Each structure stands twice: as structure tokens, then as C-alpha cells.
Amino acid sequence: MKNAAAAVKTSLLNQSDTRTIANFYAVQLQLLCREKKYASSAFALVRSIHGNMITSGFRPRSHILNRLIDIYCKNSGLAYAKHLFDRIPQPDVVARTTIIAAYSASGDPKLAREVFNKTPLSIRDTVCYNAMITGYSHNNDGHAAIKLFLDMRWKSFQPDEYTYTSVLAALALIADHEMHCGQLHCAVVKSGMASVKCVVNALISVYVKCASSPIASSVVLMDSASKLFYEMSERDDLSWTTIITGYVKNDDLDAARKVFDGMDEKLLVAWNAMISGYVHKGFIFEALDMLRKMHSAGLKPDEFTCTSILSACADAGLFLLGKQVHAYVRRTEEEIHVSVHNALITLYWKCGRVDEARKVFDNLAFKDLVSWNAVLSAYVGAGRINEAKLFFDEMPEKNSLAWTVMISGFAQNGKGEEALKLFNQMRLHGIELCDYAFAGAITSCAVLAALETGCQLHAQLIQRGFDSSLSAGNALITFYGRSGVIEAARTVFLTMPCVDLVSWNALIAALGQHGYGAQAIELFEQMLNEHITPDRISFLTVISACSHAGLVERGRHYFNIMHSVYKINPGEDHYARLIDLLSRAGRLLEAKDVIQTMPTKPGAPMWEALLAGCRTHRNVDLGVEAAEKLFELTPQHDGTYILLANTFAAAGRWDDAAKVRKLMRDQGVKKEPGCSWIKVENTVHVFLVDDTAHPEIQAVYNYLEELRLKMRKMGYVPDTQYVLQDMEAEQKEYAISTHSEKLAVVFGLLKLPRGATIRVFKNLRICGDCHNAIKFMSKVEASEIIVRDGNRFHHFRDGECSCGNYW
DNA sequence: ATAGGGTTAG
């Protein structure tokens, strides 16, 4: 860019040097055209040249106009290009082809097709067809591209090597196994193009892309690609890079390296491909080693190299190294490419400097969509969800990724309703839904425990063919797991074409959370047998599975091997799980011992786990000790009061329990929302309060308010579990939580009269509750349970389940 | 005027 820009600038100053004005403009534009690299200054230069034309009253002829349109298209001036094009009375095929390519590049093949359709057959040519076919394949519509290719043949236009390369690219979008590739290969041979270099390159590229399909055997396909490569009589730069990147993309860095080492003159692109391969694999030091070797080979890192290295630094948390790369770029480059800036933004926020990331963004003269998305991810990644939403609303243009980041940001921060609302808006705006968007929406359903909505999304996912998506699959496992539909979670896991660590962790968690501790452990062991290395999340889930299943020794074992075998330092959360494991099993002194000997200062979660154990095992003294620590650490936390009061209540010390409640009120501690009330006669009504607008629920609300007032008069602070125990004494009214896990606990605690009916009125809630309902049916000795979800109901009687509609 | 390789946002 630099040279062309300088030349144009000089020629702008020396207008007198040029013979005719038209020639002068033509030269300027040609200079700009030569540099195809996209840069921020190019746009400003076209604007100024175009501006000069207008002010000097120059009326460009078609070839200059076409060139102007072309440059606008390539330098983010689509709107100007469109404006110019629309004012041409009878645009020639060159102008049309330019604008077709531009519309396609901007992601709008429909608009491109309109122009294409309006192009009379008499002026259409092969190039015009090529542009449209490429447009389709760039927009992932392989079928449309092939259809147009057939149409072209039908209308007797002669395809050339450009046509073949484009059509092969389109076919690569659809082909996904050996058979397809073989057929294609035959077709190319039949077409007589099999000796044309660029067509062979495209064919190699098809093999490579096919190899990364989850259902193909990548080794076989890569072998075919490599055979083609070595059989070529003459290889160009592209042939080399295609095969190298092919190996890189198919996770065979050694093979890639072998080909790379065989290159006489190593191209910058090839170096970059190797470096990015190492970066993606997390081999940061190999990547840096390559950078050094490349440097000694006399090649200067370009923006591709730098962005790769910066992104490696961001992932590895190598902030200082990243800064050095930045300093290097600043020293050597006159104009820093926007992608380098974007990688820098990511470096900052991933190293915990969100505000600095924002500052980099604010100072950018030229921002693209990726820059905006990087800042959006920064806010989301830091959990600063409100700022993220404000930023999201400010965005001048949002692509599917921006929507997706925002949706999953809401979901991950517990704002399921906002997430689903946004997902619907995304639909209404006609933004193309990708698998990640579905993953975000399904995660919100997991958060909201909205089983029905989640199932609908699952159906739509299958309809759209996203069911092979890793991220969507993982979201589904988590969703079904949280909803208690373990079989569905398992089915998703088993039918996924490929799974990763997240999938394993999600299924282990699902099993562990719902009382299938032994199965969770079995799965964890199976994962180890398949040589998949567990991460810190895996240990969190497997230890808590042990905890729920009461498998203390097994849990301790996992805690120990985490560091001794897998070199993962246990974090606070792991200690909290270990203490929970011991406390639940009643080994309270051991738990206390762990707290006192752990390497860091024990935080609130450890003491809370101990206190919960004290409540269950009725150890008042130790409970009080733990509670005192908690009052110091988190004085305003309602959970401590509730747990302590329960500890007293469990030990039958009702007066002390009442004192704790009074203390809580005196300290001005507010209880968190999320629980509702039930009334027991012979029937238990469980009203879940998510949908307060529902008339039935509203009526109950009023009743509950009355109840609360009454209780306050009696000196109680109404709350979830300890009120339950108090009320139990009266055998009349119960408090209950809406949370499915707590609901299970409460069902377990209730001592209902034999033969009682439990009616669970639910809205927006889950079958997980049904699942718990069945599980605890024996405990509550109820003969039937009716779970209602809006108009639907599930009816359990004597272990049988039926469901239907209420009206 | 059209194709084809390397980068950055989840």
C-alpha cells in the first residue's frame, strides 16, 4: 500500500505533469488498483480522487467509472459504489460483474443475483457467471453455485479454469467423504482440466476440506491430496501452501512440517501457516521458534504473523511478550493493520485489562466488525454484562457473531430471559442463525430450566442440520443434565460425531448432579481410559459426583491425583468440593483439618460447606464456629443465617434458631428471592413463582403475602428451609424453594400424611422436577403427584406416569 | 470485471 499511496499522493500534487485529465485519473486509479491489500488509507484516497473529479466537473467515461466502482467495493465503500452503479443508465457487463462480486463479498448474494438476472443474455459472459458462482460459494451456498454452473453449461457458455476452481470450491462445501471426492476427481479428469495447474490446486483443496469433515477419514483423504500434489508436473506457491495448510488444519503438524522443510524457497504464507498451526495447538514455544527461524531466513513478519503470535500470547497470558510484539510492529510498520489491533485488544482483555482493551479500541482510526466484536467479548468475558449490552446497542453493524456473543454472555451470567429475548430478536432481524447462537439459547434454557423451549430448540437444531455441532451438542448435554433428563443428555453425547473435554465434563456433571454418582465415576474412568486428559473442571465435577454419592475415599483419591498425576494445582473451588465431600459424609473434623491445613487462606465456600455438613449431622458447636468465620468473611450473606438457624433447628434448639432469625433481621440482611410457599392440608400445593403474572399464581401470591404478615407477627422472618421446619411442627404450612435441587431436598424433608397428593403448579419449570418428584415419591409416601406446566400436566401415580392437556 | 494459500472476534 505504502508505495501506491505515495505515488498517488505525489500525482495529486503534480497535476500539471499529466497530459489529459482523463488519463491522469486513470493513472491514479490504476495505481490504487494495483495494491489489492485492504487498508484504511485506500478508502480516503478514492474519496479524494472521486471528490476531485466532481469539483473539477469531470465526467468519467465507463472504463474509469468501472474502476472507481471496483476500488470503492474493495475498500469498504460499498455504498458509494452502489450509488455510482445505480446512476449508470445502461451498465456494461464489466460494471455489472464488479458490483455482483462486491455484493457477494458483502454477504448479500441475493442482491448480487438481482443484478445478474437483469444482465441480458446477449452481454453476459463467462466472467460474469464466474463472479456469481464464486459469490454463492463464498456465502456457503454450494448448491446454488452448482445449479448456476449447470445453467451456464445449458446456455452454452464455455467454462474456463476460473469456473472450475470456483465450482470445485462450491463442491467442497457439500462434499464430506471419500466417495464425493472420488467422483469429483473423475469429473475433473473427464472435463479435460486435470492438467491445468490451478484446477489441480482446487482439487487438492477439496480433498483437504473434505478431510476435516467429522465423518470422513482424514488420513485417507490427506493421502490422496498429497499424492495429487507430488504427481503435479509443476507446483506453484499455492500448491505448496494448500498441502501444508491442509495438514495443519487436519491436526497433523508433523506431516505439515515435513512438506514445509522440503520447500526450497519458503514462502511467508507457508511460515505463517506453520506458525498459526502451532499456535492453535497451544505449542507457543514452537511457534516462537518458527518466528525466530523465519527471521534468520531474512523474512519480515507481516500482519498475519503478528496476529497469530499476539493471539498465542493472549491465550497463554504472556502479556509482556505481546507488548514486545506490539512495539516491534509499531517500530517497523508505518500503518498497523486493523487485524493486529484487533489481536491486541484480545491480548489486553485476556490478560485482565479490559479497560485498556477499550482504550486501544477508542484510539483506532479504522475499526472493523472484528474490533467491535473483540471489545464486546472483552466485556462479556469479564462478566461486565451491562456494559456489554450498552456496547452491543451502540454497534453500527452486528453480525451473527456479535449477537451470539451477547446471547451466550447473558446466558452465562444467569440472565436466561434476556438471552432468549435477544435470540428471538435475532430471528426477527433475519440474522442467520448459526450453531453457536443455538448453543447460547439452549444454555439459557438450562439456566431457566425451561424444558419445553429447550426441546423445541433442539428440534429446530436438527432441522437445520446443526446437530453435528460440537458447541450446540455440549449446550444440549448441559441443558438436559440440568433439567434432569439424563437419558436425553446421554443420547446427545452418544450421537455427537465428535466430542471434546467439555462434552465429557457436561455428561459427568449431569450424572453426578442427579444422584448417579457411580455412573459419573464410571464415565470419568472411561474418559481416562480413552487417554483424554482431564482439566480442572473435570475434577470439580467428578469430586462433587463422589460427594453426592457418598464415595468419600474415591473423591479423596481424585483430589490427590489431580496434582500428583495431572499437575493441576487444586484451586479454592476444588478445596470447597473436598470439604463438601467430607462434610456431607459426616467427617466434619477431617473437613475442618483440611480447611486449617490448606495452602491459601480458606474463603467463604469452605466454611459454608462445613456449616452445611454441621446442619446435616447436627454438630452445633462446629457449626457455630464455621458460622462465625462466615459472618466475618461475608457479613451480609443470607445463607449463613439460614444454615445456622437450620443447624440449631435440626438439633431441636428452636429458641436458638429463632435468635438467629432475629439477628438476621436486626443486621438488616435481606434474603435472596427465589422461594415460594405451599399450603398443606391433605394436598400439598407447590407454587413456583417465576411467572407472577399468571392469575392463579397471583392469587397464591396474595395468599402468601397474608401468610408472611401473619408469620412476622409471630416473630418469624419468613424464609425457605428453616420456616419449613418450624411449620412442620404445626403440620399446616410449608415453605418451599423453586430450585429443582432444593425442591428435591424439601420433598425429602416433608413428612406428609400417607396418601397425600402433591400438586406442583409450574410455569417455565422443568421435568427435572418431575424426575425429582418420582424419585422422592417414596420418601414423601405420596400416592400421586401432578406436575403442571402451563396447559400440560404430568401425572404420576403408583410409579406410573401419564401426561396430557388441562384444557 | 471472475478463482485459489496464511490472521484477528465465540
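Please read all numbers here as calculations on a predicted model, not as lab measurements. In the text below, chain A, chain B and the rest are named by the order of the sequence lines, each starting its count at 1.
On a pure distance criterion of 3.5 Å, a polar donor-acceptor pair joins the side chain of A:D302 and the base of B:dG6. With hydrogens and angles left out, the side chain of A:T307 and the base of B:dT8 share no donor-acceptor pair within 3.5 Å.
Residue A:V370 is classed as a base contact, given a heavy-atom separation below 4.0 Å to a base. At a threshold of 4.0 angstrom between heavy atoms, the contacts of A:D92 with the nucleic acid are absent. Using a 4.0 Å heavy-atom distance criterion, A:N399 is classed as a base contact. Among the protein residues, A:D236 comes within range of the nucleic acid bases, having at least one heavy atom under 4.0 Å from a base atom. Across all strands shown, A:W403 has no heavy atoms under 4.0 Å from either base or sugar-phosphate atoms. Residue A:C73 is out of contact with every strand shown, counting any heavy-atom pair closer than 4.0 Å.
If you check residues 96-113 of chain A against DNA chain B, the residues with a heavy atom closer than 4.0 Å are A:T97, A:T98, listed by number.
Taking atom CD1 of A:I309 as the reference point, atom C1' of B:dG6 lies 13 Å away to the nearest angstrom.
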Donor-acceptor contacts under 3.5 Å from residues 262-269 of chain A side chains, at least two apart:
{"unit_1": "A:K266", "atom_1": "NZ", "unit_2": "A:M263", "atom_2": "O", "d": "3.2"}

Would you tabulate the side-chain donor-acceptor contacts of residues 393-402 of chain A under 3.5 Å, counting partners in other chains and residues two or more places apart, or write 'none'?
{"unit_1": "A:D393", "atom_1": "OD1", "unit_2": "A:K389", "atom_2": "NZ", "d": "3.3"}
{"unit_1": "A:D393", "atom_1": "OD2", "unit_2": "A:K389", "atom_2": "NZ", "d": "3.2"}
{"unit_1": "A:N399", "atom_1": "OD1", "unit_2": "A:N373", "atom_2": "ND2", "d": "3.3"}
{"unit_1": "A:N399", "atom_1": "OD1", "unit_2": "A:L401", "atom_2": "N", "d": "3.3"}
{"unit_1": "A:N399", "atom_1": "OD1", "unit_2": "A:A402", "atom_2": "N", "d": "3.1"}

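Closest approach to the A:C198 side chain among B:dG6, B:dA3, B:dT8 is made by B:dA3 (side chain taken as heavy atoms from C-beta onward). Closest to the A:L238 side chain, of the nucleotides B:dG4, B:dG10, B:dG6, is B:dG4. Nearest to the side-chain atoms of A:A343 among the listed nucleotides B:dG6, B:dT8, B:dA3 stands B:dT8.
Shown here are the side-chain contact (heavy atoms from CB on, under 4.5 Å) partners of A:T97, two or more places apart in sequence or in another chain: A:V93, A:V127, A:C128, A:A131. Every residue meeting the salt bridge (charged side-chain N to carboxylate O under 4.0 Å, His left out) condition with A:D151, not counting sequence neighbours, appears here in chain and number order: A:K155. Under the side-chain contact (heavy atoms from CB on, under 4.5 Å) criterion, A:K249 pairs with no residue, sequence neighbours left out.
Two rings, from A:W372 and A:F361, have their centers less than 6.0 Å apart.
The side chain of A:H326 contributes no N or O atom lying less than 4.0 Å from OP1 or OP2 of B:dT8. OP1 or OP2 of B:dG6 has at least one side-chain nitrogen or oxygen of A:K249 nearer than 4.0 Å. Distances shown here put a side-chain N or O of A:H138 below 4.0 Å from the OP1 or OP2 atom of B:dG4. Put simply, A:T404 has no side-chain N or O that comes within less than 4.0 Å of OP1 or OP2 on B:dG10.
The backbone N or O of A:P91 sits less than 3.5 Å from a side-chain atom of A:R96, completing a donor-acceptor pair.
Look at A:F304 and the base of B:dG6; the rings stack, centres closer than 5.5 Å and planes less than 30° apart.
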